[in-house]
Every structure is written in C-alpha cells, then in structure tokens.
Amino acid sequence: MNPGIWLVMIVGGALTFAMRLSFIYLFGKFEFPPLVRRALRYVPAAVLSAIVLPAMFLPGGVVDLSLANYRLLAGLAAVVVAWRTKNTLLTILAGMAVLILAVWLGGMMR
Amino acid sequence: MNTVQRSFLSGVRAELPLLVGVFPFGMIYGALALSAGLTPAAAQWMSSILFAGASQFVFTELAREAVPAVVIIFTIAVINLRHMLYSASIAPYTAGLPLRWKLPLAYLLTDEAYAAAIIQYEKEGVRPTSHWFFLGAGLALWLTWQASTALGIFLGTALPADWPLDFAVPLTFIAMLVPVMKDRPMVAAALAAGLTALLAAGLPYKLGLILAAGVGIAAGLLMEKRS
C-alpha cells in the first residue's frame, strides 16, 4: 500500500470535519439572511433525492427504465411502503426483499 | 431515568431503523477496501478519520486506480460538501451550545445522524437536552459504522460480491426522503434535484450532486413564491 494513502486520508478527514463544523461553529457570529434560512429548509429533500434517483435510474451508469432494472423496481416498492407506512425499517426491508427476489428470479429465468 | 438519559436513548432509538441500511454498507466498504489494497488497519481507521460512507467508497476506488492524491482529496471534498449544507441547516439549533459540544456533534454529523436530529429539532424545537438526542443518534451510527467495517474486513472476500447489499443505502435515503414531501415546494425541490442529478451524472468528481442540490433548493424557493 502506498504510504501517501494515510496523508490523503488525514487531509480528506480534516476537510470533511471542517465542512461539518463550518456553520455549526460560525452560527451566532453573524446572522443568516432570511433567504438563506428559507433555502436551507430544502437541503434534506434536495440532497437525498439527488443521491436516490441516480441509484434507482442509472444502476450501470446509463438510464435504464426497463423491467430488468431491479433497482428501479425495488426503489419504487420502497417509495410506496415509505409513503403508506412512514416506517423506516419496513421501507428498507421491503426494498431489499424486492431487490433480492428480483435478482434471484432474474437469475433463474436466464 | 433522568431527562438527559431519556433524550440520549430516544436519539439512539430514532437512529436504530436507519442502521439496518448502514450495516451492510459498512460491511461492503470493509471488504472492498481490502480488495483495493488497503491494509486492515488503514481500512478501519478510515471509518473513523473520514467517517463518511460515500466518500470512503470513492476513496478506495480511486486508490485502486492509483489516481493522484490531489484528485482524491478534491473528490472527497466535493462529495462531502453536502455536509456543509447539513451544518448550515442544523446550526440554528446548536447555536447555544459550548464549543466542547459543537466539536463532537460536528464530527458525528453524517447523513443519517443529520436526518434523525433535524427531524427531532423541527418537531420539538430546542430543549435543554436536545443535544443529547443528537449525540445518541450520532454515537449509535458511529459504533455501527465501526463494527460493520470491522466485520467486512474480517469476512473480506467471503462476502459474496453479487449480493446487491449496496442498495441498502439508497433505500435508507428513500425512507428519510418520502416523509419530508409535505408540501409542493418540497416536492419541487426533490424532483428538480433528482432530475438534475440524473442529467449531470456524467460530470467528473461527482460534481453533479452539488449542482443538483443547488437546482433543487432554487426550485423549492421558486415554488414557494408561486404558491
């Protein structure tokens, strides 16, 4: 293993920590403008969706809307369960169950 | 049980369901890091030094391909830039805390700990023991991440590569995302961000994620004005 990896890890870790601390540390030392405060409400929705949609629609790096895209099927099942139950554990388990079942059935049909 | 303990434990409890998705992810990371040529010690330490799942995966991929150090650091920074947004979003609630609390809570500010903490803060506002809730959620996640990394390192190649366990994380995010869809601006923010992420997936250094977050936030604000 390249010894430089430790350096990269430590610099990357320090940067990550600095970003996590940034506003937590600075808040109170200045006022956020009202527009920024309102904008921050949308952070969870925007960031989570920007991670989830590519994982569902681009499993191999290209858009795949076919039934053979098991991740899309599993993701949609999870959305339905999340919407109906609002239960995190059920959502993850249902999505995983659909995905594993689809992979298994797909493997049998091949 | 006093209010501090109760608050800490409800933080742990709020985090538990999310950990179901985190555990397999940590195991895959541990196994993958070894296969990319990291020593077990480096693989384990990375889980507490970086302590950020997505960027740890990218780190191992780039280390395997012998990408220059500067590029790896830049990529880590871009992927983890979203934590700065989390920091800004949670900052009003932690404003009254002393630095000795702000430092550990900032260290523990991962996707899943942020999700649990922000839901609690938005629901109950700041209470005298709210930071214990945040600490409980954060520590539960930290311990799970370390343990699952260790198990992944231990199992290594015994872990079947074709199991789609990596999808557990997007599923966790779906579980956190759907309940947030309470009004039209939120839906607009999510849709705009998701579509942008799909269109911008080809951008280098995972820049698409940050671009998508920006577009999503703008879409939410625009929709707010219209309604």
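Every chain is numbered from 1, with letters handed out A, B, ... down the list of sequences.
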Cut-off 4.5 Å, heavy atoms of chain B, and the answer for A/Leu21 is both

| message | Within a 6.0 Å radius of atom CG on A/Leu67, are there more than 12 heavy atoms belonging to other residues, nucleotides or ligands? | response | no

Check your understanding: Is any side-chain heavy atom of B/Pro170 closer than 4.5 Å to a side-chain heavy atom of A/Met56?
Key -> no

OG1 (B/Thr60) and CD1 (A/Ile5) are apart, to the nearest 0.5 Å, by 9.5 Å

**Message:** I'd like to check B/Phe59 versus A/Val8 (side-chain heavy atoms, cut-off strictly below 4.5 Å). Are they in contact?
**Reply:** yes

Scored by heavy-atom pairs under 4.5 Å with chain A, the best of B/Ala212, B/Ser89, B/Ala54 is B/Ser89

Beyond-backbone contact of A/Leu35 with B/Leu221, side-chain heavy atoms, under 4.5 angstrom:
yes

So, the part of B/Leu81 with a heavy atom under 4.5 Å from chain A: the answer is both

Heaviest contributor of heavy-atom pairs below 4.5 Å to chain A, chosen from B/Gly194, B/Ala36, B/Ser55, is B/Gly194

Okay, A/Arg41 and chain B: the region with an atom under 4.5 Å from a heavy atom over there is both

Applying a strict 4.5 Å limit to non-hydrogen atoms, the region of B/Leu108 in contact with chain A is neither

Turns out that what part of A/Ala18 lies under 4.5 Å from chain B's heavy atoms comes down to neither

Checked B/Ile72, B/Thr172, B/Val215, B/Val180 vs chain A; the most non-hydrogen pairs under 4.5 Å come from B/Thr172

Are A/Ser49 and B/Leu177 close enough that some pair of their side-chain heavy atoms sits under 4.5 Å apart? yes

If one checks every heavy atom of A/Leu93 against chain B at 4.5 Å, the contacting part turns out to be side chain

Turns out that what part of A/Val11 lies under 4.5 Å from chain B's heavy atoms comes down to side chain

| Under a 4.5 Å cut-off applied to non-hydrogen side-chain atoms, are B/Phe173 and A/Val47 in contact? | no

Could you tell me if the side chain of A/Tyr42 sits less than 4.5 Å from the side chain of B/Met223, heavy atoms only? no

The interface call for B/Phe51 against chain A, heavy-atom contacts under 4.5 Å, is both

Heavy-atom distance under 4.5 Å between the side chains of B/Asp166 and A/Arg71, does that happen here?
yes

Between A/Thr88 and the options B/Leu18, B/Val178, B/Leu16, the side chain to side chain contact (heavy atoms under 4.5 Å, CB included) test singles out B/Leu18

Less than 4.5 Å apart, side chain to side chain, heavy atoms only: is that true for B/Leu171 and A/Thr91? no

